[in-house]
Undergrad: 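Okay, here's the structure, questions in a sec.
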Amino acid sequence: MSFKNCLITLTNDSLIEKSIILLQNTRTMTEKNIHNVKASTQIKRKHKADYGKEKIEILYEDKDIIVINKPTGMLSVPYPGSKARTAQDVLEKIMRSRGTFTSGHKPFVVHRLDRDTSGVMMFALNEEVQKKIMHTWHKMVTERIYRAVAENPRNKNLYLEESGLIDDPLAQNSHHVGYVPKKDDKKIDTVPARTHFRTVLRGPTHTLFELQLDTGKKNQIRAHLASRHYPLAGDENYRAQTDPFFRLALHARTLEFLHPVSGKKMKFEIPEPEEWMTYVENGDSHPRTPVWNVHTNVRKPIYEDFSPKSGPTRKSLRKMDYISQGKNKR
C-alpha cells in the first residue's frame with residue numbers, strides 16, 4: 001500500500017497532520033545529512049567572484065608531466081558523487097581544446113591537495129609515468145614545502161618550539177576528516193604520519209609555519225597542527241576562531257623532484273600571499289567572527305571532540321519507516 005493510501009485510511013485528522021509534519025521534518029533532516037554544505041562554502045557561493053570558475057596556472061608541461069598552481073576552492077581530483085570542477089577536469093578541457101588529449105595522453109593523478117589548499121601540484125600525462133611516480137614518490141620528490149597561518153594557543157605553555165616533528169598517527173572520522181586520536185584509544189584504525197615544522201614568524205595572535213611532509217596523508221598538516229592547539233586560520237573543519245582571508249590559510253609553496261623520465265632535478269615555487277606575513281606580524285586582537293560561529297554556540301575544538309557520534313546513519317535512515325525516522329530526530 002502506498003504512503004498516500006495509508007494516510008487516507010487514517011480517521012484522526014490531527015494524527016494525519018502530525019504524520020505529515022514528521023515526514024517533512026525527516027526529509028529535511030535526511031537532505032541536510034546528504035547535502036551537508038559548510039557555512040563557509042555557502043558564503044563563498046554568494047560572495048566569491050570566481051566561485052566555481054577558478055582558473056589554474058600551468059607552470060610546466062612536457063610529454064610526460066604537467067605542473068600547475070592550483071587555486072584555493074578547487075578540488076584536485078573527482079570523488080564519487082561529486083559534480084564539482086576539479087583541476088584534473090580543467091586540464092583535460094585545456095588539452096582537448098589544443099587537440100592533444102587522447103585516452104593514453106591525459107592527466108593522471110599522482111598526488112592531491114585538499115580543496116581549500118592552494119599551490120603547486122603535479123600530474124602525470126600517461127599511465128606508465130603515473131605508475132613510476134607513484135612507486136618512487138618518496139625517492140623522486142626531494143622537497144615538498146607548505147606555508148600555513150595558524151592560531152596561537154591561548155595558553156603560552158602550549159606553544160610549540162621553533163622547529164620540530166609531529167609524528168602522531170592519524171585516523172578518520174565518519175565524515176572522512178583526519179584527526180589525531182587519543183593515546184589510550186587502541187580500537188581506532190590509524191596510519192603513520194610525520195610532519196616537520198619550522199616557525200617562520202610568531203606573532204601576537206597567529207604563527208606562520210613552514211611545513212614539510214614525510215608522509216602525505218589526508219588532512220595531515222591541518223590535523224597535526226590542530227592536535228597541538230594550532231588550528232589553521234579559516235579552517236571550519238577544525239573549528240578555527242578566525243577567518244581573516246576568507247579561505248583556509250594553507251599553501252603548497254614548493255615542489256622539488258627528479259623528472260621521472262629524464263632524471264633532471266626540477267623545482268617549482270609559488271610564494272604564499274604577502275598579506276599572510278603582514279597579518280601574523282600585526283596580530284588580530286579583535287578578529288571578525290567566522291561565519292561558522294555566527295548564531296551558534298562555540299563548540300569544543302574538533303581535535304578534542306572528534307569521535308563518531310551515536311545516532312542513525314544515512315543507511316539506517318533509508319531503511320526506517322517515516323514514523324521511526326521522526327522519533328530518531330527527537
Side-chain angles (χ1 to χ4, degrees), residues 65 67-68 70 75-77 79 87-88 108-124 129-150 160-183 185-200 207-232 235 237-238 248-258 260 265-270 272 302-303 306:
I65 63 170
V67 181
I68 68 167
K70 186 190 83 68
L75 288 169
S76 299
V77 298
Y79 65 87
Q88 188 178 23
F108 288 84
V109 179
V110 294
H111 72 119
R112 62 181 293 278
L113 297 176
D114 287 347
R115 180 178 198 153
D116 295 322
T117 302
S118 57
V120 184
M121 69 175 298
M122 171 173 53
F123 288 86
V129 170
Q130 179 197 36
K131 290 178 180 178
K132 185 172 183 180
I133 292 174
M134 295 185 76
H135 289 161
T136 63
W137 178 263
H138 292 293
K139 292 181 179 179
M140 173 190 151
V141 176
T142 54
E143 191 171 58
R144 194 177 174 194
I145 296 175
Y146 292 76
R147 288 282 178 92
V149 175
L160 288 172
E161 54 270 31
E162 292 300 307
S163 62
L165 170 69
I166 303 174
D167 60 358
D168 298 315
L170 296 179
Q172 285 192 10
N173 73 353
S174 57
H175 299 287
H176 306 292
V177 178
Y179 72 104
V180 175
K182 295 178 180 179
K183 300 287 186 185
D185 197 337
K186 306 297 183 183
K187 296 181 180 179
I188 296 178
D189 293 332
T190 61
V191 293
R194 292 169 56 87
T195 304
H196 298 269
F197 67 88
R198 180 179 72 84
T199 300
V200 177
T207 295
L208 178 62
F209 284 106
E210 184 169 281
L211 306 119
Q212 294 192 57
L213 305 179
D214 286 346
T215 55
K217 306 304 180 184
K218 179 174 168 57
N219 306 139
Q220 180 173 322
I221 290 173
R222 299 161 67 182
H224 267 170
L225 285 179
S227 73
R228 300 304 175 91
H229 307 278
Y230 281 92
L232 300 192
D235 198 342
N237 280 357
Y238 295 86
L248 176 69
L250 180 60
H251 178 73
R253 178 187 175 102
T254 305
L255 182 62
E256 182 182 274
F257 57 89
L258 303 177
K265 190 172 187 177
M266 310 188 78
K267 183 174 182 177
F268 299 91
E269 188 165 82
I270 299 292
E272 68 279 4
I302 206 162
Y303 49 83
F306 208 47

Undergrad: Residues two or more places apart in sequence or in another chain: which of them pass side-chain contact (heavy atoms from CB on, under 4.5 Å) with S118?
TA: T72, R247, H251

Undergrad: My understanding is that only residues two or more places apart in sequence, or in another chain, count here; which of them pass side chain to side chain donor-acceptor pair (under 3.5 Å) with H196?
TA: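 Scan of H196 (side chain to side chain donor-acceptor pair (under 3.5 Å), adjacent residues dropped) gives D214.
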
Undergrad: Do L213 and T195 pass the side chain to side chain contact (heavy atoms under 4.5 Å, CB included) test, and can you show the C-alpha distance, the side-chain angles, and the key distance before you say yes or no?
TA: CA-CA 5 Å; L213 305 179; T195 304; 3.8 Å; yes

Undergrad: I'd like to check F268 versus M121 (side-chain heavy atoms, cut-off strictly below 4.5 Å). Are they in contact?
TA: no

Undergrad: Among all residues two or more places apart in sequence or in another chain, which pass the salt bridge (Lys or Arg N to Asp or Glu O under 4.0 Å) test with D167?
TA: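 In terms of salt bridge (Lys or Arg N to Asp or Glu O under 4.0 Å), with neighbours along the sequence ignored, D167 is linked to no residue.
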
Undergrad: Please report the interatomic distance CD1(I68) to CG(L255), rounded to the nearest 0.5 Å.
TA: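 Between atom CD1 of I68 and atom CG of L255 there are 11.0 Å.
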
Undergrad: Could I get the full list of side chain to side chain donor-acceptor pair (under 3.5 Å) partners for T254, not counting sequence neighbours?
TA: E269

Undergrad: Could you tell me the separation between the CZ atom of R222 and the CG atom of D235, rounded to the nearest 0.5 Å?
TA: 4.0 Å

Undergrad: Atom NZ of K131 and atom OG1 of T136: how far apart are they, to the nearest 0.5 Å?
TA: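 These two atoms lie 14.0 Å from each other.
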
Undergrad: Going by the rule ring-ring contact (aromatic ring centres under 6.0 Å, His included), which residues pair with F209 if we only count those two or more places apart in sequence or in a different chain?
TA: Y230

Undergrad: Who pairs with T207 by side chain to side chain donor-acceptor pair (under 3.5 Å), at least two apart in sequence or on another chain?
TA: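 Per chain and number, T207 pairs via side chain to side chain donor-acceptor pair (under 3.5 Å) with N152.
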
Undergrad: Go through the structure and list residues passing side-chain contact (heavy atoms from CB on, under 4.5 Å) with A193, not counting sequence neighbours.
TA: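 A193 satisfies side-chain contact (heavy atoms from CB on, under 4.5 Å) with L170, T215, K217, Q220, H224 only.
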
Undergrad: Sequence neighbours excluded, which residues qualify as salt bridge (Lys or Arg N to Asp or Glu O under 4.0 Å) partners of R147?
TA: E210, E272

Undergrad: Check whether any side-chain heavy atom of Y146 sits under 4.5 Å from a side-chain heavy atom of L250, and report yes or no.
TA: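 SC-SC contact between Y146 and L250 confirmed.
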
Undergrad: I need the single residue from L225, I145, I166 that forms a side-chain contact (heavy atoms from CB on, under 4.5 Å) with L211. Which is it?
TA: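 Considering L225, I145, I166, a side-chain contact (heavy atoms from CB on, under 4.5 Å) with L211 is found only for L225.
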
Undergrad: Who pairs with D168 by side chain to side chain donor-acceptor pair (under 3.5 Å), at least two apart in sequence or on another chain?
TA: K183, R228

Undergrad: For E162, which residues count as a salt bridge (Lys or Arg N to Asp or Glu O under 4.0 Å) partner, sequence neighbours excluded?
TA: R202

Undergrad: Under 4.5 Å between any side-chain heavy atoms of N219 and Y179, yes or no?
TA: no

Undergrad: Checking E256 now: which residues fulfil side-chain contact (heavy atoms from CB on, under 4.5 Å) with it, not counting sequence neighbours?
TA: T142, E143, K265, K267

Undergrad: Would you mind reporting whether W137 and R144 have side-chain heavy atoms less than 4.5 Å apart?
TA: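 Yes, their side chains come closer than 4.5 Å.
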
Undergrad: Are any side-chain N or O atoms of D114 and backbone N or O atoms of D116, one a donor and one an acceptor, separated by less than 3.5 Å?
TA: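 It does not hold such a pair.
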
Undergrad: Backbone N or O of M122 within a donor-acceptor pair of the H111 side chain at under 3.5 Å?
TA: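 The answer is yes, because a donor-acceptor pair under 3.5 Å joins these two groups.
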
Undergrad: Quickly, which of V77, I133, I65 forms a side-chain contact (heavy atoms from CB on, under 4.5 Å) with F123? Name it, please.
TA: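 It is V77, the one option of V77, I133, I65 that forms the side-chain contact (heavy atoms from CB on, under 4.5 Å) with F123.
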
Undergrad: With side chain to side chain contact (heavy atoms under 4.5 Å, CB included) as the test, would you mind laying out the steps for L248 and L232 before giving the verdict?
TA: CA-CA 7 Å; L248 176 69; L232 300 192; 4.0 Å; yes

Undergrad: List for me each residue that meets side-chain contact (heavy atoms from CB on, under 4.5 Å) alongside H176, sequence neighbours excluded, and say none if there are none.
TA: Q172, K218

Undergrad: Nearest 0.5 angstrom please: K70 NZ to I270 CD1, how far?
TA: 13.5 Å

